[in-house]
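See below for the structure under consideration.
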Amino acid sequence: MRVKLKIGENEKKFINRVNELTGDNVYRCYQCGRCSASCPMAQEMDLLPNQIIRKVQMGQEEDIIGSKTLTLCASCFACQGRCPKGIDIAAVCEAIRHLLEPKGKDFWGPDDVQPELAKELPQQVLVAVYKKFAK
Amino acid sequence: MRVHYYPGCTLKEKATNLEDSTREAMARLDTDLVEPEGWTCCGAEYPLITEKIHGLIPPVRILRQVEIEEGSKVVTTCAFCFAVLKRANKAMLDNPTLHTRVNEYLADDILIDPTTKEKRTHFESYNGDVQVLHLLEYLRDEVGLGHLKSLVKRDLSHIKVAPYYGCRLLRPQKEVAIDDPETPTIFEDFLNAIGCTVVDFPFKQECCGSYLSASMPETSNEPSYRVLNSAKMNGANVVALSCPLCYYNMDTRQDRIKEEYLEFNGFPVLYFTQLLAWALGADVETLGLDKHLCDPRPLFDIKQNAEDVEVNL
Amino acid sequence: MFEPKIMCFLCKWCTYAGADLAGTSRLEFSPNGINLRVMCSSRIDPQHILHAFKEGADGVFIGGCHPGDCHYVEGNYKTLRRVTLFKTMMEQLGLDPKRLRLEWISAAEGKKYVETMNEFTETIRNLGPLNLEEKTLTEEGVCHE
Amino acid sequence: MKDDGKKKRIGVFVCHCGVNIAGVVDVEKVAELLKDYPGVEFSTDYVYMCSEPGQQLVLDKIKEDKLDSVIIAACSPTLHEKTFQSAAELAGLNPHQVEIANIREQDSWVHPDRDKATVKAVKIVKSMVEKAIQNEDLEPIKVGVFKKALVIGGGVTGLQAAMDIADQGYEVIVVEKEPSVGGKMIQLSETFPTLDCSQCILTPKMVEVTRHPKIKLMTYSEVESISGFVGNFKVRIKKKPRFVDEDKCKLCNECADVCPQIVPDEYNMGLSFRKAIYMPFPQAVPGTYTLDMESCLGTLPIRCGKCKDVCDAQAIDYDMKEEIIEEEVGAVVVATGYDLYDMKALGEYGGENYEDVLNGLEFERILSASGPTGGKVQRPSDGKVPKNVVFIQCAGSRDPENHNSYCSKICCMYTAKHAMLYKHRVHDGNAIVFYIDVRTGGKNFDEFYQRATDDESILYLRGKVSKIFKEGNKMIVWGVDTLTGQKVEVEADMVVLAMAMTKADGVPELMKKLKISIDGNGWLAEAHPKLRPVESLNQGFYLAGAALGPKDIPEAVAQASAAAAKVGALFAKDELMHAPTIVPVIEELCSGCGICVSMCPYGARTLNAVRKVIEVNEVLCEGCGACAAACPAGAAQQLNQSDSQIFSMVKAILRG
């Protein structure tokens, strides 16, 4: 793996937008990894929560776009609760999903619900998941 | 006593056992639950980013309705609704920008007055003055656990309960937490007050998989299984909770957990209000126990307790 | 635009040092206040404040150490008591008590000093000139601002 | 020395400070405008007033123009007031006739507008001229120095400071609140990076202190209050009753043998038990038993009283009372040390609920040959030898959101030591260290860390642990390795937390009494972080050791010696100069109302009931001026800061 690190206008724009949307500053993260150690979904992820923040710090938007992590976050705030800096990583994921929507990225839609689940799912689940992941 | 109560949409449909047991229990505590006129869904999830302001409209509208009806408090049992209402309320208190924008939007909202049936518009700003309480907080702070204990009619000491908080009652700490997020005791104190045997277990604040059970159903088996298994390993015979979504993941989906974890042979899950109503002497039929996938009825030893009820009554 | 005259009494240990820190940090702010250094804010006698108003001050500022941090044990509490009392007197005299401000600013709070000076200047600017000397006292001995 | 109506001859010197002032303020104009101001005899500007030629200019002009007061319009008085006072003194001028007009920090650096800054500079200078017109020549008040020091804290820092002061020939009192000196260091097993035994290097020092003829040791005692001022403090020390006569006690241990009360042993961090009457540890200094009355069953014969019965030396005295001892000292060294952050605050690591999750000091006791297991590594719950031990760094440190924002500094090194010593004792065991950064700045520190990884094959995983919980008889640790990007779960037999260092218990309350400021974290605040690291702003108080912030033993000892040197420098003088800007009484105006007496925090003012006037102890007066503001008659006037001076200055500022 090799990468030519570039923090140019586009990268800065991306980083600034994430900061704006979350009202925080991703550079506050010093990569202790406690979010990942706390995350109940870490086992399913291709990028751990701390790596998502790292990628934002480095302006590597492209690497995040395809990551499963964005749709594995259930906003349980375990990461934020134990983060020594109190960074809301669920909000960072939400911000990134939001930024990807105009680029045509749709993470989930009403048609994606499995028909056999549709009749048993509690209402709040459908509302929540639609709100979180749909365009 | 009369208090505003926001049930939320799930309680009217899939979680009627939570709704019914809540009403049954509160009636026995002489508390009249008043639903705000014309309430809607709260939105289930609080918007985490600043630009998604529309997510604040439904909860603030509900809270404002409570205020119009001269309520100073609103009680919820659903942990999701609780978190959304509480965070929205806090935003109205602490965030001047959101306060202005949401109120501007709601100023032209139309509402039918509950008494005069007149259409109203041009409302004054909602300033976050309604107190949002989870029922556990209401029981602790308004009813009083000592008083509650004195009203208990049945012996529940044989029920070994693992209290499951999940995420929404405890995090984010500064905005919603009803107790310390790492070492909470409010649920335990409540269970002790109604006479259950409390079982401490390390997964009480770990996530159950939440709404991923809709978008990626296979992923929520493991977190839910770990919670149930931990409760069992620590000697509980039931998990108690307050969230219809956690209930769905941990009870309704138990057949799918069994498919993945062959050694798992089921574990009962209850709403805390079912235990409360039962302790206060409610009829077993009112608790909606037949809705559970893993049958909890063996825990409700009706024969033994019926006599106690009569004696106490 | 009206440029108010502000008389500032600063204690040597905290607020004066805080004002110096604003300087070393090159924080720019409105130049309306001029400082007089005293050993402790408790050196300030209400008659010093009255004198300042009489000599043309539109506002008077007193800066001391945070509660508990006074170099002279509890001088700042004495100041607080005096200022609180004096403010009620100001009302009786027909002077707006907002023209007198007491603030705790430590040696490390250069930024707070600057913010306070800007804020206070703005407050006084909004209140307008005092011109106490030109005002005649009414029969009751009260000056109507 | 009133000038008897004689007009003052004042010189004004406006500094350019290169472009620092002149770049904004029109300094020539300022000097020019001041020329005609009443009282000003001479006015000029110069590029660097504080330079050698600049000072010479002032000196020459004082002589030439017979100036009896000078105003230096330059930087803040905190920087060069002393410089110019000395220069003026060389020219025969009283230093109290020198005033600084601060036109840099409080003008040119904060107001970039040239016109506004210049106008402001003129007003500032004029106000200082007004002050100078009424300035009097003042002579410093001379006070003697009580050449005896008080050291608060009997840990390694306090002991070192006491030894170093005593070796300079001065008397020292050491006050320690615990029954024995030794502090935290005496609890350590071995010290990094040399691995020499902590007790072996500290106990000789403890004994030396007791034998030193100049040192008086007061253990089981606390400082109640300190009054007075540098060179002349009065200290009240509370001596708690030990109920055992130190001189009579023969250390036979019979009392402890018969004592029926068992309580957790503080020395072993509660990992073992002691009796209610006990000696903290065999090498305790002073070597005596102490009866802990809070744990005692009862001294009446019907309750217990067994220890007294059995004591042949008749050393036990149940009637011993708390004593207050008063001492006079000239200087105080504060070496109150640190405590470990409370494990209860870390709920995610189980708080204190898991027996096999230890803090660093508890593990020190387990490693120590004098500890509860005699140095064998056994876990507290079942005494088994743990085969998998997880060490967690930064427990409570570097966490501004939930705990402490600072780095506790010593944990990286002692965790490496812990892991290494564990491997020395359990060869087939696994030691896993979770870290965020490994910080090994110090002589031979990184080499030591490398030994841990190279020779002992200790696995370092980069990531902070989020949760520890018990499953069966294992502790499950949820961590992460950020280097490979994996969430890691470890089944451990025992976990050791490198708990943050924090302020010692009771320190904020004590510092309030001593008027020593503390920072937001509760650490003592030094007078200047770089240049005056062992002094307090409160004169006569010197600070050393971990009470100032996390540090290791050599650093604490170095600070102790530094503080001792400062005390020595103070004691080398026979007299101290006390600032003369006090508030005397103009007797003709004083009605003896006594209002000022209640204003004075130092007890410097007393009412002479016979003469009905206030008398002022000029040595006690610190010159705050609170009394001057309160005096209804204007009889209390601060020297060189009189009401009349303030009025003139205010006028110059507002009308000048």
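Side-chain atoms are counted along with the backbone in the values below, which use heavy atoms only and exclude waters and symmetry mates.
- Side-chain contact check for Cys70(C) versus Lys515(D): every heavy-atom pair is 4.5 Å or farther apart.
- For Lys234(D), the NZ atom sits in a loose shell: 12 or fewer heavy atoms of surrounding residues, nucleotides or ligands are nearer than 6.0 Å.
- Atoms CD1 and CD1, on Ile653(D) and Ile6(C) in that order, are 12.5 Å from each other to the nearest 0.5 Å.
- Between Pro112(D) and Glu28(C), the closest side-chain pair of non-hydrogen atoms falls below 4.5 Å.
- Scanning all heavy atoms of the two residues, the minimum distance from Gly56(C) to Arg655(D) falls at N-NH2, 4.2 Å.
- A 4.5 Å side-chain heavy-atom check between Met39(C) and Gln638(D) finds at least one atom pair inside the cut-off.
- Proximity of a side-chain donor or acceptor of Arg43(C) to a complementary backbone N or O of Gln641(D) within less than 3.5 Å is detected.
- Separation of atoms CE (Met128(D)) and CG (Leu36(C)) is listed at 7.5 Å; rounding is to 0.5 Å.
- Among Ile646(D), Thr581(D), Val119(D), the residue making the largest number of heavy-atom pairs under 4.5 Å with chain C is Ile646(D).
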Exercise. Stepwise, does the side-chain hydrogen bond (donor to acceptor under 3.5 Å, both in side chains) test hold for Asn102(D) with Asp20(C)?
Worked result: CA-CA 9 Å; Asn102(D) 184 347; Asp20(C) 274 351; 2.9 Å; yes

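- Residues Ala629(D) and Ser42(C) share a closest heavy-atom pair of CB-O, 3.2 Å.
- Note that the NZ atom of Lys120(D) and the CG atom of Asn32(C) stand 8.0 Å from one another [nearest 0.5 Å].
- By the 6.0 Å contact criterion, NZ on Lys112(C) is enclosed, its count of non-hydrogen atoms from other residues, nucleotides or ligands being greater than 12.
- Note: Arg26(C) leads Lys12(C), Arg82(C), Glu3(C), Arg26(C) in heavy-atom pairs under 4.5 Å with chain D.
- A 4.5 Å side-chain heavy-atom check between Ser76(D) and Tyr16(C) finds at least one atom pair inside the cut-off.
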Problem set entry | Full working for salt bridge (charged side-chain N to carboxylate O under 4.0 Å, His left out) between Glu81(D) and Arg37(C) | CA-CA 14 Å; Glu81(D) 193 169 35; Arg37(C) 181 173 73 148; 3.4 Å; yes

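- At a 4.5 Å heavy-atom cutoff, Asp107(D) makes no contact with chain C through either its backbone or its side chain.
- Pro601(D) places a side-chain heavy atom less than 4.5 Å from the side chain of Lys78(C).
- Taking both residues in full, the closest heavy atoms of His111(D) and Ser30(C) are given as CE1-O, 3.6 Å, listed atom of the first, atom of the second, then distance.
- Only the side chain of Thr78(D) comes within contact range of chain C, with at least one heavy atom under 4.5 Å from a heavy atom of that chain.
- Using a 4.5 Å cut-off between heavy atoms, Val38(C) touches chain D through backbone and side chain atoms alike.
- For a residue to count as touching a neighbouring chain, one of its non-hydrogen atoms must lie under 4.5 Å from one of that chain's; by this rule Asn640(D) does not touch chain C.
- Each of Leu654(D), Ile518(D), Val650(D) has some count of heavy-atom pairs under 4.5 Å with chain C, and the biggest count is that of Leu654(D).
- Here the straight-line distance linking atom NZ of Lys651(D) with atom NZ of Lys54(C) works out to 8.0 Å at 0.5 Å rounding.
- Both the backbone and the side chain of Ala630(D) come within less than 4.5 Å of a heavy atom in chain C.
- Counting heavy-atom pairs closer than 4.5 Å to chain D, the top residue among Gly75(C), Ala57(C), Ala108(C) is Ala57(C).
- Among all heavy-atom pairs drawn from Cys624(D) and Tyr72(C), the shortest one is CB-CG, 3.2 Å.
- A tilted orientation is assigned to the rings of Phe647(D) and His51(C), their planes being inclined by 30° to 60°.
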